[in-house]
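First the structure, in the form of structure tokens, and then the observations on it.
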2 protein chains.
Amino acid sequence: MNSRIAPTVLYQEVVERLRQRIYNYDLKPGEWIDEQALAESFGISRTPLREALKVLNSEGLVVLKPRRGCFVSEITEQDLDEIFPVMALLEGRCAYDAVRKAKPKDIKRLNEIHSRLEKYAAAGDIDRFYEQNYIFHEAVQKLAGNLWLQKTVGDLRKFLKLLRGRQLKLPGRLEASLKEHRLIMAAFHNQNPSAAEKIMHDHLIAQRMALAIYDTEEKQRGKSSFSGT
Amino acid sequence: MNSRIAPTVLYQEVVERLRQRIYNYDLKPGEWIDEQALAESFGISRTPLREALKVLNSEGLVVLKPRRGCFVSEITEQDLDEIFPVMALLEGRCAYDAVRKAKPKDIKRLNEIHSRLEKYAAAGDIDRFYEQNYIFHEAVQKLAGNLWLQKTVGDLRKFLKLLRGRQLKLPGRLEASLKEHRLIMAAFHNQNPSAAEKIMHDHLIAQRMALAIYDTEEKQRGKSSFSGT
DNA sequence: ATTCATAATTGATAATTATGAATTATCTCC
DNA sequence: GGAGATAATTCATAATTATCAATTATGAAT
């Protein structure tokens, strides 16, 4: 049944599946996680599930309240205010290093990803745009060639993924995001690390602002983005 | 027997104790962790111990090899080359924000910590200097008032603590470190955030360089800093 | 040196007990 | 009788123990 080459352990598998469930809002923010029911639905015992929850806890995706159980994390306005500046700083540095280290074939690959961004933006396909956008940022981070920088950004991104690219839903934001990406590509072509750093930094800050506006408008429409208690 | 106020769970307690054992080189880098023996020595069962190991794994302090067991992490030159620039970036930002937000009483508190640094430096007490240095940096991070920035720096620091302030052992480094701290304090007094950012950044980079020199000299003396395989 | 059998260790399950928190029910006092 | 405090119940998590399967390490025999 399990025809895998790489040695895998159950709790890792569970971590992966739970992460996806959380990102998909299959498990909703604030929701209580019923260990027993979940273990049963996965067809496993509670032990590896609990091990997985400990991992997700240190990733920030769930909160463990002693003797109370496990709850899916809720992202707050304060989280956003605090994370985005850090992300902007780190991804800015990624862009800087990436431009310095990028070889022609690397830029070619970025161009390919970017062209897909252009395509999906033109088609107004937010989901695919979000996907390619994620791939683009990951590619830049990888080019920077600093594993710890990558890990640090990645850890923050894991938490931010709770948003599922909500900012792109703001009218006009997708187009603005695309323009920013064009500027980043230009910095790669001109081999201008400092420019790339600043643009990437501002790109992240712009995302935070778009989110703030989007959430405000949502609130005015009376639809809170998360389930209130 | 257990007279604790704050609600604590066993695996958290174990995480704490193991962390200390690792920082103290009681458990040495690369060393295999015998679950059974360790559980016995703690007087607990394997389950909470294994949960604790999962947490330490996501902190990077131990490495879990499927079906092989758990090993204490070894910090490499590459790790240092990659982490310090990130730390420099983040702590630089901390300093920037801290100077902007610091109130007179905050600066007074920093001054108190700094004066202890002066004292221990004069006495050549490396251990106490290391301790106060850690407290100083933590205080600056706290002043920045960004919990996620704090957490991000803290996560990296957890791993770096494997070094136990090795860089301070380099002759002259303690004095240089003190001078850098004096400049930071000056930036606080002059309310110059950008200066603080740059000094703190360079302060971290200087630490990396001191480490590199120290390790090179160690190697020449034929004493590898870590146990070879 | 290779193969095979054995031992040791991790990964996982299940049953069970203990503990703490929340809810429900009860009681007292006004 | 009703409000608030108190006690009992309930329920899920926390932790232990025992056990088994799977896999890796080992060591002996050829």
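Letters A, B, ... are given to chains in the order of the sequence lines, protein chains preceding strands, and every chain is numbered from 1.
- Taking a pair as Watson-Crick or G-U with both hydrogen-bonding distances under 3.5 Å, the stems of three or more pairs touching DNA chain D are C:1-30 with D:1-30.
- Taking the salt bridge (Lys or Arg N to Asp or Glu O under 4.0 Å) definition, one finds that Lys158(A) meets it with Glu59(A), Asp155(A), sequence neighbours left out.
- For His137(B), the ring pair (Phe, Tyr, Trp, His ring centres under 6.0 Å) partners two or more places apart in sequence, or in a different chain, are His181(B), His203(B).
- For DNA chain D, the residues of residues 37-45 of chain B within the heavy-atom distance limit of 4.0 Å (strictly under) are Ile44(B), Ser45(B), sorted by number.
- Pairs engaging residues 73-117 of chain B under the ring pair (Phe, Tyr, Trp, His ring centres under 6.0 Å) rule: none recorded [sequence neighbours left out].
- Residues satisfying the salt bridge (Lys or Arg N to Asp or Glu O under 4.0 Å) test with Glu138(B), not counting sequence neighbours, are none.
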Just list the side-chain donor-acceptor pairs under 3.5 Å for residues 104-112 of chain B, sequence neighbours left out, or say none.
unit_1    : atom_1 : unit_2    : atom_2 : d
Asp106(B) : OD2    : Lys103(B) : N      : 2.9
Asn111(B) : ND2    : His189(B) : NE2    : 3.1

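- Glu51(B) places its CD atom 12 Å from the C1' atom of dT16(D), with the value rounded to the nearest Å.
- For Phe159(A), the ring pair (Phe, Tyr, Trp, His ring centres under 6.0 Å) partners are Trp148(B), not counting sequence neighbours.
- Partners of Arg21(B) by salt bridge (Lys or Arg N to Asp or Glu O under 4.0 Å), not counting sequence neighbours, listed by chain and number: Asp26(B).
- Partners of Ser58(B) under the side-chain hydrogen bond (donor to acceptor under 3.5 Å, both in side chains) rule, at least two apart in sequence or in another chain, are Ser58(A).
- Residues satisfying the salt bridge (Lys or Arg N to Asp or Glu O under 4.0 Å) test with Asp81(B), not counting sequence neighbours, are Arg208(B).
- A donor-acceptor pair under 3.5 Å links the side-chain atoms of Glu82(B) to the main chain of Leu147(A), judged by distance alone.
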One character per nucleotide, please: for nucleotides 5-11 of chain C, 5' to 3', B when the base has a protein heavy atom closer than 4.0 Å, S when only the sugar-phosphate does, - otherwise. ----SBB

